[in-house]
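The chains referred to below are lettered A, B, ... by the order of the sequence lines, with proteins before strands, and numbering in each begins at 1. Only this structure's heavy atoms are used, side chains among them; waters, hydrogens and symmetry mates stay out.
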Amino acid sequence: MQLSEQEIVRRENLQKIKDLGFNPFPAEAFEVDFHSSEITTEQYQATLSQTLEQIKGIGPEQAVKLMDALFKSRGKSAPLLADEAFTKEVPITETVTFANGVARSPMPLDDFFAEARELALGAYAKDKKGTVQIAGRFMGQRGPFAKLQDSYGTIQLYIGKNDIGDTEEEKERYKKLVKLLDIGDFIGVRGEVFATGTGEVSIHARELIFLGKSLRPLPIVKRDKEGNVYDAFTDPEQRYRQRYVDLTVNPQIRNIFLKRSRLISAMRRFFDRQGWLEVETPVLQPIHGGAAARPFRTHHNTLDMPLYLRIANELYLKRLIVGGFEGVYEIGKMFRNEGMDRTHNPEFTSMEIYVAYKDYYWMMEMVEQCIEYVTKEVTGGTQVEYEGKMINFAGPYKRLTMFEAIEQYTSIDISEMDEAALRAVCKKLHIEVDESMGKGKLIDEIFGEKVEANLIQPTYIIDYPIEMTPLAKKHRTQEGLVERFELFVNGKEIANAYSELNDPIDQRARFEDQLRLAERGDEEAMALDDDFLRALEYGMPPTSGLGIGIDRLAMLLSNQHSIQEVLFFPQMRPKAELHEHHENSE
RNA sequence: GAGCCCGUAGCUCAGCUGGCUAGAGCACUUGACUUUUAAUCAAGGGGUCCUGGGUUCGAGCCCCAGCGGGCUCACCA
């Protein structure tokens, strides 16, 4: 393996650290009792400002002004006292007359400020008995000031020349160690929290423990006070292939995954509170049922039989309803052997839930409550900005039937049309169709082409044609329709639900219709699952079922525009480079 | 699967109409400075210009093929 110059230097530093008698990869745990975010400079300055008000009874505006001025002059009061304009604006209680003729407090501003500062930091220091222990990556040093990055952010360290070590010998040893630190090394620091003359909350290092060497240089991303970023690490390919680097140097990326995690846990909490059971069903399935999609195929050696990675878990969850559970749900990966783009990854996360004795009207209300709850838990509110549009997730959501929606956006009433008439409509609207498409698929094409993109605010589209929905119950009043809804947000489907079909005779007939579609060349037509039919024959209660695309919802709630941004490790083409390295090293 | 664009130092990027030994900032090394707030000063090192062919006296640049990526479209959630 070819090492770059910087990698060679780091390996040399590793050796030098060993030579100094430090273990660069120690086994011992390091107790962390403080995180960078526990006190930020902003929090400190706000507390300090309040403290200034309290101890001397000056107004909030003066307190802020005094603070700013003192930070700017590095905490030295002399230049401020000479500045008449400033001293006039910041009144201080007991007055005396200075040489310049202006009446001022007898207390030097330095002391006044120092007192307030001590009080402001006291709250944090007290908990920790004066010192804290913090660990993270060393992220560079300028003079005695170093940056330490932990999982919550960064904090400044002050590493004085002779502050670490008890004896002269030890001090020498630590001085050398500090010089050998590379950006990215893990260190632990024990020291007290203080604020520098410029007001930055820092830790005065009194002990340093080396915790882990970094042998590869990280990309250096710099940020100034206004938040401008220099030399950003932005190439999507590198960010996805080396997500660990992305997460290290672009800490804002963490927030996306934090939101994703909160989304899933909030949804789980919502369901668990209703008493519904979280379950797991097979990923490896002999028949890939429950959805229209092309599967991944694999092979089991012992059984010597083909198996498919699941494209859906619907038929298994319904078997559990047959088995007597009242509500079951599963959050898990589905696998579809189809195209990849910014909204499709070969494996994706779906949530499916089935609740007995309910129908799709009930489900619409449940979904509204669930999504509203989840949105609040993730973002703190119900309004979410996405691609510059405000989306309001507070229920109830608008409901439109499929036919109403098409009529609204095309002015064509297709509710009474047969297949031939629908083909004519498609032609008129310049929608491409082919011979394999049945009536349901044609309607779906018109909807997808003319309606979908317009559905920005959460909207239920209800009552689908029977042909495109083989697992849903026939509509209670409308001939040729099923009781199904999909939830659209920002022009994309994020949820799909039915009053589930529980009539085994009807279900068998629907599967047979699917087989006929398959014969016409529809590659995605559903396969017939005899065991599932047998389960239905034993009897399934009326049930409503729902599926939600978790990745899509995560995109909406974190304002991301590609699925790759909400997956830690999106699927990528293999890259030759790494293999070559292995070959060269052998 | 189709179209357009891209691939140059560890990172971000220049590189003219094909023409000297391929550049800058950060990062790295050495020295000075214990200081601040992306960036102190000075000096230095670092390159398979994605790969393979071709055209040419000469290719980072032009042509062909391939690999990888991004965006848009089509299918799917």
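Across all strands shown, Pro144(A) has heavy atoms under 4.0 Å from base atoms, whether or not it also approaches the sugar-phosphate. No engagement by Asn337(A) is indicated, since no non-hydrogen atom pair under 4.0 Å with the nucleic acid exists. At the heavy-atom level, Glu493(A) lies under 4.0 Å from the strands shown only through sugar-phosphate atoms. Nucleic acid contact for Asp551(A): none, since no nucleic acid atom lies under 4.0 Å from a heavy atom of the residue. Across all strands shown, Thr196(A) has heavy atoms under 4.0 Å from base atoms, whether or not it also approaches the sugar-phosphate.
Look at Arg216(A) and you won't find any side-chain N or O under 4.0 angstrom from OP1 or OP2 of G10(B). Within the structure, every side-chain polar atom (N or O) of Arg142(A) is placed at least 4.0 Å from both OP1 and OP2 of U34(B). Residue Gln238(A) places at least one side-chain N or O closer than 4.0 Å to OP1 or OP2 of C11(B).
With C75(B), G10(B), C28(B) as the candidates, the nucleotide lying closest to the side chain of Glu5(A) is C28(B).
Taking the six-membered ring where the residue is Trp, the centroids of Tyr460(A) and Tyr360(A) are separated by 6.0 Å or more. You'll find the ring centres of Phe145(A) and Tyr158(A) inside the 6.0 Å limit.
No hydrogens or angles were tested; on distance alone, nothing pairs the side chain of Glu237(A) with the base of G68(B) as donor and acceptor under 3.5 Å. For C28(B), its base never sits under 3.5 Å from the side chain of Asp182(A) at any donor and acceptor pair. Gln6(A) contributes a side-chain N or O that forms a donor-acceptor pair with the base of A27(B) under 3.5 Å.
Both Gly199(A) and Arg342(A) lie near RNA chain B, and the one whose nearest nucleotide falls closer to the 5' end is Gly199(A). Take the nearest nucleotide of RNA chain B for Phe145(A) and for Arg10(A): the residue whose nucleotide is more 5' is Arg10(A).
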Open item on the list: The test is ring-ring contact (aromatic ring centres under 6.0 Å, His included); show your working for Phe485(A) and Tyr397(A) and say whether it passes.
Closed with: CA-CA 12 Å; Phe485(A) 72 82; Tyr397(A) 305 150; 9.9 Å; no
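Ionic pairing of Glu565(A) and Arg239(A) is present here: one or more N-O contacts between side-chain nitrogen and carboxylate oxygen are shorter than 4.0 angstrom.
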